[in-house]
Colleague: 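My structure is below; once you've seen it, I'll send some questions.
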Amino acid sequence: MNRSMSKKIVFFFPSFASTEATAPLGILAVATPLLRAGYTVELIDSTITPNYKKRVLSEIKDALCLAISLVTGPMIRETVEIARTVKEWKSDFPVILGGWHPSLLPKQTLEARDVDIVIRGQGEDALLEVVQHLESKSAVDLIPGIGFKRHGKLSLTTERPLKPIACLPPKAYHIADFDAYERSCGRRWAMYISSLACPFNCSYCTNAGVYGRKWNALPPEQFVEETVDLTRRYGLEMLWVVDDNFLVDLDRARLIGEGLVRAGADFKWSIQATTNLTARLSLQDLKLLRQSGLHQICQGVDSASPKILKLMNKTFQDFESIYESAARCLQAGIRPSFNIIFAYPGEGTTERRQTVDFMMDVCRRFPGAEFWTNIFTPYPGSPIMQHTEELGIQVPKSLEAWADFFPRYTVLPWLSGGQHKRLQIMRDYLRIAFDRIPIAADKRKPSTRIAQKLLSFPARWRLDHDVYVFPAELWINEKLKRRAAAAKPTVDAKLLESNPAEGAC
Ligand code: B12
Ligand code: SF4
């Protein structure tokens, strides 16, 4: 078919190395304006498409372009690979990249050989305009918020002003294959977003750089109507509300709770919020939210060292209120789920110990509270990125090089060799010391569960005493994990155990 007559756009979502996959919200968002304008769309998600390369090659034959969504990290590998494959098939077939990584590093992304166009920031209007220009074969120069390549020359157009979330169209959930996601993950769930931006500016976070701290949200009635409809329509048992800071407007949260209860909502949902805002919810508020289905609040504690929190520009959080809100959440039946970032610049053994002690104390005093840990990685667009030179971090100079820039592979200048290994072992002990509930269905046999529970006791002893030599429990745990049902093959699933709220709040 002549490409100029095509009305089809093929989306590719590279694997982010987790079996906890579900429909990629960024793509569902940019698909709606295209569908409304009469285009057809095809979504190929690598995680649920074993032969994704063949599928892409077959689908693009009668399409206008290939559009890929990605964040910094391993998703870049399949992005680069698929773009190369497409270009080998037809060198002038347009390849468009959107999402956080191309938005934060548009020029460098465009420098990659097989990328033609990048969309910066919100993609709903920009992609539609680009596609319309591709169809009419007209120049894209005047489309705001994009970058393009012409005869090897790169150009970035003017910035596109941000639209408040209330002005954005609903997401095209119907293009997602929820049956396939359920087969992969063992659970039928989806992501949903109800607010944009966050009023804070933590120095490791990319949010303020893109959304400018201008928090804005959907009205509670829309939240209730959409989520109830969505879960009923697709038979979803759970929604992960991916707002960076859901609780900025507490009255909105209460009204959402009330609305869901009134509507007889029967799904579970989880949110991300800062600890200071969670602490402002009363037991009564939390009980109402629990009644409406809220079962988990993911919160970024990040460190228990006041010195590190100051360096993170995170002084808005105080520890007494974390304890209080953990107690209240659990009393209301909501699981408090906390994130930690280890090895932030400035963190020494004393500060790390402070954090581990805090984690142990919270988990012991409040059984049911859980912690997920990361090793610090400076992401492009975050305030700390301005200090990479003095920190001795070598910043990747090409799109391809960012694929490996991930905590597990990055040995930081101040955390290398034995120290790095020790921290990883400690994190492995933290994983088995206290229960954590991932999104994916628990496929362990009861005997495996019991055996892993038994391992938690020596693990706690080790963490209390800071002793990690001869980590026999970890070897046993590895063996036990292998006995559990085999997960869907992914790019780096073993290394990149996914985390419900990493890098967010
Ligand atoms: C859900 C989520 C996840 C999920 C799923 C990620 C996914 N790829 O869908 C999981 C848990 C797997 C995850 C993991 C990680 N995440 Co995450 N995650 C998010 C979160 C909370 C929501 C994403 C979302 O769906 N938003 C809603 C949709 C509608 O918005 P959107 O994706 O931004 O899409 C818009 C535009 O970006 C653009 N767009 C997006 N895709 C496309 C595609 C095309 C073709 C076009 C034209 C436009 C376009 O248009 C969309 C509509 O306006 C964001 C925070 C946030 N506020 O977005 C962080 C975020 C994306 N994650 C982030 C990070 C750092 C990570 C991790 C690296 C953390 C870690 N250390 O483990 C891992 C990496 C995963 C991997 N292995 O590659 C950073 C990304 C920074 C960066 N430089 O890329 C963010 C921004 C958090 C933050 N504030 O720092 N994450
Ligand atoms: S880390 Fe969380 S609280 Fe801090 S700026 Fe980012 S989204 Fe906001």
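Whatever order the structure lists ligands and atoms in, that order sets their numbers, starting from 1. Keep in mind that the numbers below use all heavy atoms, side chains included, and drop hydrogens, waters and symmetry copies.
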Colleague: Salt bridge check: are Glu237 and Lys268 linked by an N-O gap of less than 4.0 Å?
Modeller: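 Result for this pair is no, no salt bridge flagged.
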Colleague: Under 3.5 Å between some N or O of ligand 1 and some N or O of Lys171?
Modeller: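 By distance alone, the answer is no.
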Colleague: Under 4.0 Å from a heavy atom of Phe200: give me the atoms of ligand 2 that qualify, with their elements.
Modeller: 5 (S)
Colleague: Counting heavy atoms only, which of Cys205, Gly123, Ala208, Gly99 comes nearest to atom 49 (C) of ligand 1?
Modeller: Gly99
Colleague: Which atoms from ligand 2 have a heavy atom of Tyr204 less than 4.0 Å away?
Modeller: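 Per the distance check, 1 (S).
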Colleague: Give yes or no for whether the N/O distance cutoff of 3.5 Å, strictly under, is met between Trp240 and ligand 1.
Modeller: no
Colleague: Please check this pair: side chain of Arg160 against backbone of Pro144, looking for a donor-acceptor N/O pair closer than 3.5 Å.
Modeller: yes
Colleague: Quick one: does Ala67 get within less than 4.0 Å of ligand 1, heavy atoms only?
Modeller: yes
Colleague: Where's the contact between Tyr379 and ligand 1, heavy-atom distance under 4.0 Å: side chain, backbone, both or neither?
Modeller: side chain
Colleague: Fit a plane to each ring of Phe316 and Phe200, take the angle between them on a 0 to 90° scale, and name the class: parallel (under 30°), tilted (30 to 60°) or perpendicular (over 60°).
Modeller: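 Parallel.
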Colleague: Does some non-hydrogen atom of Ser103 fall short of 4.0 Å from ligand 1?
Modeller: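 No, that is not the case, since the closest heavy atom of the residue is not under 4.0 Å from the ligand.
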Colleague: Under 30°, 30 to 60°, or over 60°: which ring-plane class applies to Tyr344 and Tyr204, parallel, tilted or perpendicular?
Modeller: perpendicular
Colleague: Ligand 1 versus Thr206, non-hydrogen atoms closer than 4.0 Å: side chain, backbone, both, neither?
Modeller: both
Colleague: Would you call Lys8 and Glu59 a salt bridge, taking side-chain N to carboxylate O under 4.0 Å as the test?
Modeller: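 Yes, charged N to carboxylate O under 4.0 Å.
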Colleague: Between the side chains of Glu182 and Arg188, is the shortest nitrogen-to-carboxylate-oxygen separation below 4.0 Å, so that they form an ion pair?
Modeller: yes
Colleague: Less than 3.5 Å between some nitrogen or oxygen of Trp100 and one of ligand 1, yes or no?
Modeller: yes
Colleague: Find all atoms of ligand 1 within a distance of less than 4.0 Å from any non-hydrogen atom belonging to Val30, and give their numbers and elements.
Modeller: 48 (C), 50 (O)
Colleague: Would you mind listing which atoms of ligand 1 come within a distance below 4.0 Å of any non-hydrogen atom of Thr72?
Modeller: 82 (C), 83 (N), 84 (O)
Colleague: Heavy-atom contacts with Thr274 under 4.0 Å: which atoms of ligand 2 show up? List them by number with element.
Modeller: 3 (S)
Colleague: Can Ser15 and Arg77 be counted as having a side-chain donor-acceptor contact under 3.5 angstrom?
Modeller: no
Colleague: If the cut-off is 4.0 Å to any non-hydrogen atom of Met191, which atoms of ligand 1 fall inside it?
Modeller: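 Answer, ordered by atom number: 1 (C), 9 (O).
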Colleague: Can you tell which part of Glu20 has a heavy atom less than 4.0 Å from ligand 1: side chain, backbone, both or neither?
Modeller: neither
Colleague: From the options Asn339, Thr278, Asn245, select the one residue that forms a side chain to side chain donor-acceptor pair (under 3.5 Å) with Gln299.
Modeller: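 Of the listed options, the one satisfying the test is Thr278.
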Colleague: Is a salt bridge present between Asp62 and Lys7, judged by a nitrogen-to-oxygen distance below 4.0 Å?
Modeller: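 No, this pair does not count.
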Colleague: For atom 51 (C) of ligand 1, which of the options Gly26, Ser15, Ala23, Cys198 provides the nearest non-hydrogen atom?
Modeller: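 Looking at heavy atoms only, the winner is Gly26.
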Colleague: Does ligand 2 have a heavy atom under 4.0 Å from the side chain of Cys198, from its backbone, from both, or from neither?
Modeller: side chain
Colleague: Which atoms from ligand 1 have a heavy atom of Ala29 less than 4.0 Å away?
Modeller: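 Ligand 1 atoms under the 4.0 Å threshold to Ala29: 52 (C).
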Colleague: Ion pair present between Glu42 and Arg55, side-chain N to carboxylate O less than 4.0 angstrom?
Modeller: yes
Colleague: Does the plane of the ring in Phe338 sit parallel, tilted or perpendicular to the ring in Phe371? Use 30° and 60° as the thresholds.
Modeller: tilted
Colleague: Is it true that Glu124 and Lys163 have a side-chain N and a carboxylate O under 4.0 angstrom from each other?
Modeller: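 Result for this pair is no, no salt bridge flagged.
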Colleague: Out of Lys87, Lys90, Arg150, which one pairs with Asp116 under the salt bridge (charged side-chain N to carboxylate O under 4.0 Å, His left out) rule?
Modeller: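 So the option named by the test is Lys87.
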Colleague: Take every heavy atom of Ile193, measure it against each atom of ligand 1, and state whether any distance is under 4.0 Å.
Modeller: yes
Colleague: Test your reading of the structure: does Phe16 have an N or O sitting under 3.5 Å from an N or O of ligand 1?
Modeller: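 Yes, Phe16 has an N/O under 3.5 Å of an N/O on ligand 1.
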Colleague: Check if Tyr204 has a non-hydrogen atom at a distance under 4.0 Å from any atom of ligand 1.
Modeller: no
Colleague: Taking the side chain as everything from C-beta on, heavy atoms only, tell me whether Ile384 gets closer than 4.5 Å to Phe376.
Modeller: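 The answer is yes, as the side chains (C-beta and beyond) meet within the 4.5 Å cut-off.
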Colleague: Which of the numbered atoms in ligand 1 are below 4.0 angstrom from a heavy atom of Glu124?
Modeller: 52 (C), 53 (O)
Colleague: Inspect the contact between Arg252 and Asp243 and indicate whether a charged nitrogen and a carboxylate oxygen are less than 4.0 angstrom apart.
Modeller: yes
Colleague: Does Thr377 have a heavy atom less than 4.0 Å from any atom of ligand 1?
Modeller: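 So Thr377 does not count as touching ligand 1.
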Colleague: Of the choices Ser382, Gly121, Pro24, which has the non-hydrogen atom that lies closest to atom 36 (C) of ligand 1?
Modeller: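 When every heavy atom of Ser382, Gly121, Pro24 is considered, Gly121 comes closest to atom 36 (C) of ligand 1.
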Colleague: Need the ligand 1 atom indices (1-based, order shown) with element for anything under 4.0 Å from a heavy-atom of Phe13.
Modeller: 7 (C), 8 (N), 9 (O)
